[in-house]
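Here is the structure we will look at.
Only a predicted model underlies this, so the values are computations on that prediction, with no experimental measurement involved. The first residue in the sequence is number 1, and the count goes up from there.
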Amino acid sequence: MSAPVSDLLQNLNPPQAEAVSYYGTPLLIVAGAGSGKTRVITHRIAWLAREVGIPLWQILAVTFTNKAAREMRERVCRLLGVADDPSLAISTFHSRCAAILRREADAAGLNRSFAILDDKDQETAIKKAMEAVGVDPKKVRPGQAQNFVNLAKMKLLTPDDCAAEFDNEEIPYAGIYKEYEELLKKNNSLDFEDLIFRSVLLFRDNEEVRARWQRKYQHILVDEFQDTNHSQFELIKLLVGDDRDICVVGDEDQSIYSWRGADVRNLLDFREVFEDCKVVRLEQNYRSSGNILNAASGVIANNTMRIGKTLWTESGEGDPLVFIGGRDDVEESDLVAAHIRGTMLNEGACASEIAVFYRSHGLSRAIEDGIRKLRIPYRIVGGTRFYDRAEIKNLLAFLRLAVQPTNDLAFERVVNIPSRGVGQKTLGEISAEAAIEQVSLFEATKRLLEADAVKGKARAGLCDFIAAVDGWHDKVAQNANTSEVLKSVLEETRYKTDGVGDPSSIDGARKLENIEEFENVISEFEMTENDHSLLSFLETMALDAQREEKDDRPKVSLMTVHNAKGLEFDYVFVIGLDNGLFPNSRTLDSPDQFEEERRLFYVALTRARKRLFLSRALRRMRHGQYDTMEPSTFLSELPEEMMSDGDRMKMGIGGLPSVDGFTPRAYPERSYGRTYGGGSRGRPSVPRGGGGRSFNVGDRVEHRIMGQGTITETSGRFGSQQVYVEFDDGRSQEFLVRFAPLQLIDG
């Protein structure tokens with residue numbers, strides 16, 4: 001008679017049960033997307049405690065976020081039927097190392113009460129170190145030095161190591177690093193990367209301490225192992241020791257964080273470091289339909305840095321992929337928004353079940369505009385709405401000052417951006433003068449400067465600022481185009497260089513990308529409007545920016561693919577699938593980075609449960625003019641049977657003939673137009689950009705590809721009129737008038 005199956009193995013598929021119950025040699029669990037990874041980890045911890053008999057406090061499980069650690073802890077406690085046990089060692093790498101260093105402070109050469117610097121405090125300390133070694137912050141930005149120090153610690157390099165390796169570098173990074181370490185020591189502080197770095201050095205150099213912690217933890221589990229860096233892997237190897245009681249869980253196809261130190265080779269090389277390790281593959285997917293999995297698997301199979309797996313599902317093929325091709329980024333966004341609305345109306349989808357992914361934050365602007373036109377509630381995940389981003393609000397404030405220098409709110413926002421030496425004391429003096437004389441802050445500043453009441457750096461900065469605003473105001477008075485005024489603002493404030501921080505950092509590059517996208521906003525405005533004045537532009541911005549805030553309605557989620565990791569949605573739209581955008585242009589010359597870009601695309605696809613939409617534009621606005629875009633390499637890597645000839649036409653794949661210089665689109669047979677119980681409703685029509693005639697509800701029109709139909713609804717303004725056409729063959733579709741090949745049929 002066979003032994004009863006433990007309740008911890010019930011409702012697990014065979015590979016999951018094997019991964020939970022295996023014990024003996026090191027274990028590598030290759031967990032595909034949506035394969036129940038967290039379920040397996042938590043069941044394994046409970047199994048080790050209850051079935052193997054390892055005390056909970058001797059099992060160490062590490063992950064990357066406090067949220068993941070809390071969820072894991074709660075699940076284990078539920079499985080074991082216990083309240084939260086403080087001895088349960090489930091935590092992030094950094095919090096566990098902080099506890100170790102405080103416990104072993106004497107051996108580590110630390111004061112037990114050491115402080116931990118956050119990013120801002122670390123940057124301040126880096127600036128002081130740069131000053132101490134005589135490095136000009138205009139030549140080397142503090143963020144660059146900060147990145148150097150952090151990466152050095154991830155690679156377990158001391159200042160002396162860096163001095164030997166980088167002694168020929170023009171910039172004295174090693175000297176900055178050494179001075180920075182002296183500052184930390186003097187202030188009894190560690191930075192974030194020190195927590196792991198100093199723990200590794202402690203275990204390497206002190207055999208007694210290392211042995212004590214190896215005895216403490218009988219078994220170690222590591223979640224998301226593909227995201228570990230060099231120092232984290234070294235830490236794990238030192239803690240495991242000769243007993244090698246270790247289990248790591250990861251997916252090489254979801255390694256997307258090399259830019260912050262993660263090394264996928266840690267997972268790929270695990271079997272070489274632990275030669276007799278057991279490998280269990282979790283390949284059954286519980287999230288996505290068969291078509292979505294086939295698409296993702298077809299693309300990722302082109303990577304060479306893989307252990308390999310084949311995802312499958314019992315949920316059937318599901319709906320086919322939907323391909324959306326816009327003639328430009330505006331039409332792409334309008335079509336995506338129309339499909340979102342169609343998904344909500346025709347399929348009963350809740351907005352919270354829908355997500356739009358993009359490769360970089362700058363792409364959010366166009367899709368935000370498209371969604372707002374249709375009054376679809378949305379939220380930005382892991383970021384800020386485009387027009388609410390600080391760099392965009394700053395530029396709008398500069399432009400408002402150009403129109404109206406007496407705008408105190410705009411003046412106060414940007415008088416010291418970029419830094420002009422205008423501190424709170426000087427601003428207080430300006431405000432006091434304005435209150436006494438009953439004038440604007442701008443006029444009060446002029447009076448104080450004329451009276452020589454402002455001294456030092458602030459005086460020089462304010463003189464330049466006042467002169468710049470007067471110059472911009474003169475341009476406005478001379479009816480200069482909006483783009484001309486913005487060009488002057490950017491040049492005279494040096495905002496692209498001095499206003500974004502370190503342009504080589506992730507944050508600085510993102511801000512610069514947003515500024516360039518704002519330039520595109522103005523270029524599009526001037527292409528579609530007769531009145532190119534700054535006043536007209538600001539009025540348009542004010543009207544377009546009106547959106548529903550602080551409501552509890554379900555919202556469509558907009559986010560970068562990096563922010564989508566770990567999430568899932570019923571309906572996923574991946575936009576901007578053009579070469580140079582996704583894959584990103586910075587990855588094209590590096591095979592390793594290009595493979596990571598492909599992994600990022602794989603992550604995007606595998607977030608979808610029911611339906612997947614892929615979109616691109618045939619041309620995009622770049623620096624005031626349209627650039628023709630090539631379709632993403634990843635689209636051509638999809639399994640051939642997933643794209644029909646019509647799909648290839650609309651995505652511009654295959655060198656098909658063009659219409660008006662652009663590849664023609666074939667539209668989805670599924671209707672995503674608005675129909676209401678057999679009738680239709682419309683809004684007042686708006687003239688085409690350039691003063692052309694308008695389309696009206698009821699007009700008969702002909703589309704050069706789709707044939708004849710009737711307009712059932714109109715919407716939009718300022719040259720962005722949209723129409724909904726019900727075609728005679730039963731299909732319906734939304735169009736942006738200024739690009740659609742629609743002709744009015746007389747009579």
Side-chain angles (χ1 to χ4, degrees), residues 28 30-34 37 63-65 147 150-151 154-155 222-233 248-270 293 295-309 311 357-363 382-383 504-510 513 559-567 572 574-608 614 616 630-638:
L28 168 60
V30 182
K37 168 180 68 71
T63 187
F64 283 86
T65 67
N147 288 340
N150 287 338
L151 287 172
M154 289 180 194
K155 295 176 181 179
V222 186
D223 187 22
E224 303 286 6
F225 195 70
Q226 77 280 350
D227 294 334
T228 55
N229 59 37
H230 177 66
S231 63
Q232 288 163 338
F233 195 13
V248 301
V249 185
D251 180 3
E252 77 279 14
D253 294 334
Q254 297 187 70
S255 179
I256 58 174
Y257 296 117
S258 67
W259 47 273
R260 65 185 190 197
D263 191 345
V264 68
R265 287 170 296 190
N266 291 345
L267 182 64
L268 299 175
D269 295 345
F270 187 83
L293 292 183
S297 298
V299 173
I300 201 63
N302 291 279
N303 269 10
T304 60
M305 299 176 68
R306 300 188 71 211
I307 295 174
K309 72 187 75 67
L311 296 184
F357 300 156
Y358 33 80
R359 175 60 179 84
S360 57
H361 283 281
L363 288 176
S504 68
S505 69
I506 293 171
D507 185 57
R510 182 183 299 134
E513 183 181 76
M559 69 191 81
T560 65
V561 184
H562 281 104
N563 282 322
K565 178 82 184 318
L567 304 178
V572 166
V574 186
I575 68 171
L577 289 175
D578 306 316
N579 276 339
L581 293 179
F582 202 174
N584 188 282
S585 58
R586 293 189 296 271
T587 69
L588 300 180
D589 295 329
S590 168
D592 285 359
Q593 290 185 25
F594 191 78
E595 288 212 352
E596 179 159 329
E597 201 75 359
R598 188 180 280 115
R599 293 195 291 268
L600 191 62
F601 184 61
Y602 173 85
V603 166
L605 302 192
T606 55
R607 301 308 95 194
L614 305 177
R616 65 170 301 256
E630 295 181 354
S632 170
T633 301
F634 303 143
L635 290 172
S636 64
E637 293 177 348
L638 292 168

Would you give the length of the straight line joining atom [atom1] of [X] to atom [atom2] of [Y], rounded to the nearest 0.5 angstrom?
X: Leu267; Y: Met305; atom1: CG; atom2: CE; value: 10.5 Å
X: Asp253; Y: Tyr602; atom1: CG; atom2: OH; value: 5.0 Å
X: Glu224; Y: Ser255; atom1: CD; atom2: OG; value: 10.0 Å

Under 3.5 Å, is there a donor-acceptor pair between the side chain of [X] and the main chain of [Y]?
X: Glu513; Y: Ser360; value: no
X: His361; Y: Thr560; value: no
X: Thr228; Y: Phe233; value: no

**OP:** Give the intermediate values and the outcome of side-chain contact (heavy atoms from CB on, under 4.5 Å) for residues Phe594 and Thr633.
**Re:** CA-CA 11 Å; Phe594 191 78; Thr633 301; 4.3 Å; yes
**OP:** Return yes if a side-chain donor-acceptor contact under 3.5 Å exists between Thr587 and Asn584, otherwise no.
**Re:** no
**OP:** Give a yes-or-no answer on whether the side chains of Glu595 and Thr304 include a donor-acceptor pair shorter than 3.5 Å.
**Re:** yes
**OP:** Carefully, step by step, assess Phe225 and Asn266 under the rule side-chain contact (heavy atoms from CB on, under 4.5 Å).
**Re:** CA-CA 8 Å; Phe225 195 70; Asn266 291 345; 4.0 Å; yes
**OP:** State which residue, out of Arg599, Arg306, Lys309, fulfils the side chain to side chain donor-acceptor pair (under 3.5 Å) condition with Asp251.
**Re:** Lys309
Original post:
What closest approach, in Å, do Pro583 and Leu588 show between heavy atoms, and which atom pair accounts for it?
Top reply: CG-CD2, 4.1 Å
Subject >> Distance-minimising heavy-atom pair for Val603 and Lys565 >> reply: CG1-CD, 4.2 Å
**OP:** Specify whether Trp259 and His562 have parallel, tilted or perpendicular ring planes, treating 30° as the upper limit for parallel and 60° as the lower limit for perpendicular.
**Re:** perpendicular
Original post:
Between Val574 and Phe582, does a side-chain contact (heavy atoms from CB on, under 4.5 Å) hold up when you go through it step by step?
Top reply: CA-CA 10 Å; Val574 186; Phe582 202 174; 4.3 Å; yes
